[in-house]
Visitor: 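Submitted below is the structure of interest, expressed as structure tokens.
In the text below, chain A, chain B and the rest are named by the order of the sequence lines, each starting its count at 1.
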Amino acid sequence: MSPSIIAGFVGAGLVGIGLYALIVNPEPLRKLLAFNVIGNGVFLVFGIVSRRGAIAGFPFDPVPQAMVITGIVVAFAASALAVALMLRLAEEAGRVTLEADKSTKPDEGARSP
Amino acid sequence: MTLFEALDLGLAAIVLGVAAWTVAVREVFSAVIGYVAYGLLLAIVWVRLYAPDVALTEAAIGGGVTGVLLLTASARLSRLPAPDAAPSAGLKIAAAALAFLVAGALAAAVVYLPDPAPSLAAAADENLAATGLGNAVTAVLIAYRSFDTMLEKVVLVLAVVGVWSVAPDRVWGGAPAALGPATPDAALVFLARMLAPIGLVIGVQIFWVGADEPGGAFQGGAILAAMWMIVMMARLTEPPRIGSGWLRLGLIAGPAIFLLIGLAGPFMAGSFLAFPAGFAKPLILFIEAFMVLSIAVTLPLLVAGSPSREAGE
Amino acid sequence: MNDALLVAAGVILLTVGAGLVRILYGPREVDRMMAVQLLGTGGIAALLLAASATKVAGVENVALGLALLSSFASVAFVTASAKARERERVDPR
Amino acid sequence: MSLALDLFSAVAIGAGVFFFLAGTVALLRFPDSLSRLHALTKADNLGLGLVVLGLIPRAGTPLAVLKLVVLWALVQLSSATVAQLIGAALRRRNAVE
């Protein structure tokens, strides 16, 4: 079993852990963490694609690595945008929740007692 | 079992364990601390995958800058009322089953990856001489897939615009809240004064050697960004007003120069974003220098967040 | 000698990795942060040893980057807690 | 000569590993945060310092030696400051409780 395969399994495991947490955790900041864990898992799977693409004198395929580098930066930018939205929501509403706002959807509120 | 395999298995177990703890722990603040540790561990995994360029990016952005962003956010959100009710047991089981299926499918995909593996390494290596670079990853970023990288810089600018737009109208053009406490610890001020100049040199060096060795614009820029942030956390300087012209110029300098040189391509080398033969390396380094500047400006602004003080303040 | 260096790198890495158990138990956030700090330093040491043993290009640059940022998370941690305290003083809810 | 240098490297790195081990055990076993902080700084400073010392004879070029020393100095600076900051934070919290 080559080392890169192990990292691939770690990537698969991270996607699983992150996906579970993304669904189960109600807090938005926790969901953001979970989403980042999924992203890292995908990057790692990409990492073994890069490692397996090794040729003589070249221990890795540079194309997937370059894409992962841009991916890490974009993931950070998206996280920062999400954090800004959360902080604004907290400032405006006093709490951060993804639940439907009952006051703006009267019919939903009427249906569920 | 060889030495490396034992090490890899141990590392894998630690990474998965820390990730699982991070998503499972009750306190958000603890979860974020776990996430920082996890970022450090991932950097080491990337070194094991022969990807020092990625490892450097992950260490600087995944562990460092993201850590600051999330720690600050969780400290600010921690005083909010309790979150929504926990999901039902049924949802938990369904989610676990789904997660297990997806992870299993991905693991199977990893096992059954095509053999021999498809690779662009040979093509990248063949044309490396034409770019004058020694680091194939930098060549992919700035030469072979330059369109990608340029648009990615535009995405960063859009993210900054998005973060700014979240603020109410009356503070538009004002400055984000200070990153540090009102009276920072003397030790922190000392650290910022000592570390920032050294970090500046190391950041520029990592950008410069990135042409031939692991390193490059993203890594160097992220280190410079971290230095600016530590100076702001020590309150030696404040986040700038988002209305200031030099700031906006710094933000768009990277993509703008990239685009200008790309537009000059058809006249100089025959196609958009093409570099004339013999001038590729200086042009690539020229573009990269402005990208370093833009990244060093963008990342701290994303962490500082929306403006909260009016322009006059 | 190279194998011995790799063994040393592995031992350090797994040791500080085991130190992460402190993250599990806390009890305070500060204790968790200390485990992360130790992981950072241990990671640097392991990378330096591996760089010397395998001669993979650029690994020592990664270690240099980590060294530069080794205090970063802890500083952010202390700063964020201090700011949270400040807000509490201004607006004790 | 090279044997003596190798021996020196082995001893220094071995001692460095020992300090990492000791620091981790202390982090896990010591009863309160301040004594754990004390142990942590030992691992940070001595552990990494000894590893760097052991690697210097193997570095090859003077530039590589300089890089190692700069790296160690950076970690010294950071870890000393972090210890100070964490200690201060702990003292403030103890005063409140």
Visitor: Considering the options T298(B), L299(B), V292(B), which one meets the side chain to side chain contact (heavy atoms under 4.5 Å, CB included) requirement together with I295(B)?
Guide: L299(B)
Visitor: Against chain A, label W46(B) side chain, backbone, both or neither, depending on which of its atoms sit under 4.5 Å from a heavy atom there.
Guide: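 Answer is side chain: those atoms of W46(B) sit under 4.5 Å from chain A.
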Visitor: Under a 4.5 Å heavy-atom cut-off, does chain B meet the side chain of V15(A), its backbone, both or neither?
Guide: side chain
Visitor: Let me know if L42(B) has heavy atoms under 4.5 Å from chain A in its side chain, its backbone, both or neither.
Guide: side chain
Visitor: For L89(A), which atoms come within 4.5 Å of any heavy atom of chain B: side chain, backbone, both, or neither?
Guide: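 For L89(A), neither part sits under 4.5 Å from chain B.
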Visitor: Could you walk me through whether L49(B) and F60(A) pass side chain to side chain contact (heavy atoms under 4.5 Å, CB included), step by step?
Guide: CA-CA 8 Å; L49(B) 285 173; F60(A) 56 84; over 6 Å; no
Visitor: Pick from G305(B), A31(B), G216(B): which one has the most heavy-atom pairs with chain A under 4.5 Å?
Guide: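 Result: the option with the highest number of such pairs is A31(B).
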Visitor: Among the options V68(A), V42(A), N36(A), V49(A), pick out the one with the most heavy-atom pairs lying under 4.5 Å from chain B.
Guide: N36(A)
Visitor: If you count heavy-atom pairs under 4.5 Å between each of I17(A), V24(A), I69(A), L81(A) and chain B, which one has the most?
Guide: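 Highest number of pairs under 4.5 Å: I69(A).
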Visitor: I need the residue from A73(B), A95(B), S306(B), A159(B) with the largest number of non-hydrogen atom pairs under 4.5 Å to chain A.
Guide: A95(B)
Visitor: V45(A) versus chain B, heavy atoms under 4.5 Å apart: side chain, backbone, both or neither?
Guide: side chain
Visitor: Test side chain to side chain contact (heavy atoms under 4.5 Å, CB included) on I38(A) and L19(A); report intermediate values, then the result.
Guide: CA-CA 7 Å; I38(A) 297 181; L19(A) 188 62; 4.2 Å; yes
Visitor: What part of V65(B) lies closer than 4.5 angstrom to a heavy atom of chain A: side chain, backbone, both or neither?
Guide: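 Both parts, backbone and side chain.
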Visitor: Working to the nearest 0.5 angstrom, can you tell me the gap between N40(A) CG and E58(B) CD?
Guide: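 N40(A) atom CG to E58(B) atom CD measures 5.5 Å (nearest 0.5 Å).
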Visitor: Side chain, backbone, both or neither: which part of Y50(B) has a non-hydrogen atom closer than 4.5 Å to chain A?
Guide: both
Visitor: Take V171(B) and S308(B) through the test side chain to side chain contact (heavy atoms under 4.5 Å, CB included) and record every step on the way to the result.
Guide: CA-CA 6 Å; V171(B) 294; S308(B) 65; 5.7 Å; no
Visitor: To the nearest 0.5 Å, what is the distance between CG on D53(B) and OG1 on T138(B)?
Guide: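 Between D53(B) CG and T138(B) OG1, I get 6.0 Å after rounding to 0.5 Å.
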Visitor: Could you walk me through whether E152(B) and T70(A) pass side-chain hydrogen bond (donor to acceptor under 3.5 Å, both in side chains), step by step?
Guide: CA-CA 7 Å; E152(B) 191 252 1; T70(A) 50; 5.2 Å; no
Visitor: Between V10(A) and chain B, with a heavy-atom cut-off of 4.5 Å, which part of the residue counts as in contact: side chain, backbone, both or neither?
Guide: both
Visitor: Could I get the full list of ring pair (Phe, Tyr, Trp, His ring centres under 6.0 Å) partners for Y35(B), not counting sequence neighbours?
Guide: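 Counting only residues at least two positions away or on another chain, Y35(B) forms a ring pair (Phe, Tyr, Trp, His ring centres under 6.0 Å) with Y38(B).
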Visitor: CG of N135(B) to CD of Q65(A): how many Å apart, nearest 0.5 Å?
Guide: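 Nearest 0.5 Å value for the CG-CD distance: 9.0 Å.
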Visitor: Return the set of residues passing side-chain contact (heavy atoms from CB on, under 4.5 Å) with S30(B) (not counting sequence neighbours), or none when no residue passes.
Guide: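 For S30(B) the side-chain contact (heavy atoms from CB on, under 4.5 Å) partners, ignoring immediate neighbours, are W21(B), V25(B), E27(B), E29(C), R32(C).
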Visitor: Considering only heavy atoms, which portion of A108(B) lies under 4.5 Å from any heavy atom of chain A: side chain, backbone, both, or neither?
Guide: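 Interface part for A108(B): neither.
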Visitor: Please state whether the side chain, the backbone, both or neither of T22(B) comes within less than 4.5 Å of a heavy atom of chain A.
Guide: both
Visitor: Name the region of V102(B), side chain, backbone, both or neither, that has any atom closer than 4.5 Å to a heavy atom of chain A.
Guide: side chain
Visitor: Which of the residues A96(B), A12(B), P168(B) is involved in the greatest number of heavy-atom pairs with chain A at under 4.5 angstrom?
Guide: P168(B)
Visitor: Just how far is it from atom CD1 of I44(B) to atom CG of L7(B), taken to the nearest 0.5 Å?
Guide: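 Between atom CD1 of I44(B) and atom CG of L7(B) there are 9.5 Å.
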Visitor: Once rounded to the nearest 0.5 Å, what's the spacing between atom CZ of F9(A) and atom CG of L106(B)?
Guide: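 Here the rounded value is 10.5 Å.
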Visitor: Please report the C-alpha distance between V45(B) and V15(B) in whole Å, then the side-chain angles of each, then the deciding distance to 0.1 Å, and finally whether the side chain to side chain contact (heavy atoms under 4.5 Å, CB included) criterion is met.
Guide: CA-CA 9 Å; V45(B) 174; V15(B) 170; 3.9 Å; yes
Visitor: What part of V37(A) lies closer than 4.5 angstrom to a heavy atom of chain B: side chain, backbone, both or neither?
Guide: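 Both the backbone and the side chain of V37(A) come within 4.5 Å of chain B.
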Visitor: Tell me, side chain or backbone of L29(A) under 4.5 Å from chain B's heavy atoms, or both, or neither?
Guide: side chain
Visitor: Let's test your reading of the structure: which of D148(B), V163(B), L156(B) forms the most heavy-atom pairs below 4.5 Å with chain A?
Guide: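 The option with the most such pairs is V163(B).
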Visitor: Tell me, side chain or backbone of L101(B) under 4.5 Å from chain A's heavy atoms, or both, or neither?
Guide: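 Neither part.
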Visitor: With only heavy atoms counted, which part of A13(B) is less than 4.5 Å from chain A, the side chain, the backbone, both or neither?
Guide: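 For A13(B), no heavy atom lies under 4.5 Å from chain A.
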